[in-house]
Amino acid sequence: MNDNPVFERIETEINDSPVTLFMKGSPMFPQCGFSAAVVQSLTMLGVKFKGVDVLADGDIREGVKQYSQWPTIPQLYVKGEFVGGCDIIREMHESGELQKLLEDNGIELEPAQQ
Amino acid sequence: MAMDVAEVERLIKEGLPDAEVHIEDLRGDGDHYAAYVASSSFEGLSRVKQHQLVYAALQGKMGTELHALALQTSVPEAT
């Protein structure tokens with residue numbers, strides 16, 4: 001697909017876990033409001049996911065933008081496929097599409113008790 | 001490192017000539033905007049592709065000069 005060496009590392013990350021979120025900070029300590037918003041959506045749906053802190057790795061931070069042709073962080077991947085950034089995830093969560101996408105991909109959900 | 005409302009709107013309209021564009025300055029710092037973009041060129045495209053068209057119109061400024069753009073895209077209803 002491309003000779004960017006970082007792409008291999010990115011592909012390892014997104015294929016290692018069914019749900020991978022490239023974000024600023026960690027799920028426990030998001031360092032940016034947009035990243036925190038996606039963490040919240042995933043937490044509310046009770047999805048297990050892996051957070052990749054792009055602040056800890058400049059190559060991944062820039063590489064993932066080229067990888068998905070998406071200029072910002074956070075970026076959510078499900079089963080290796082780019083799903084969207086903060087706006088799209090919020091829209092999908094509100095419309096129920098996010099839950100459906102996860103279920104359609106056989107991902108276990110344990111929605112938080114409201 | 002900031003852009004003003006007019007420039008954001010101009011770039012989007014240049015890239016998507018038929019687009020209806022509404023921009024809100026969320027924090028008054030020239031770095032955090034919300035944009036509502038309706039264009040028939042979004043027809044049949046996924047949200048990701050629609051947003052990518054807007055980012056392409058912004059010619060690489062998204063994520064560099066422009067830190068945050070809360071984006072909502074739509075296809076105008078047939079009139």
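Predicted model only: the values in this text are computed from it and were never measured. In what follows, every chain begins at residue 1, and chains take the letters A, B, ... in the order their sequences are listed.
For a residue to count as touching a neighbouring chain, one of its non-hydrogen atoms must lie under 4.5 Å from one of that chain's; by this rule B:Leu69 touches chain A with the backbone only. No part of A:Glu62 comes within reach of chain B, as not one of its non-hydrogen atoms sits under 4.5 angstrom from that chain.
Between A:Trp70 and B:His51, the ring-plane angle classifies as parallel under the 30° and 60° cut-offs.
Follow the hydrophobic side-chain contacts under 4.5 Å out from A:Leu55 and you never reach A:Leu76; the two are in separate clusters.
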Q) Between A:Tyr67 and A:Glu11, is a side chain to side chain donor-acceptor pair (under 3.5 Å) present by the stated rule, with each step listed? A) CA-CA 9 Å; A:Tyr67 183 81; A:Glu11 272 160 10; 3.1 Å; yes

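Distance check: A:Phe82 CZ to A:Thr20 OG1 gives 13.0 Å after rounding to the nearest 0.5 Å.
Chain B forms the most heavy-atom pairs under 4.5 Å with one residue out of A:Val83, A:Ile88, A:Ile73, A:Thr72, and that residue is A:Ile88.
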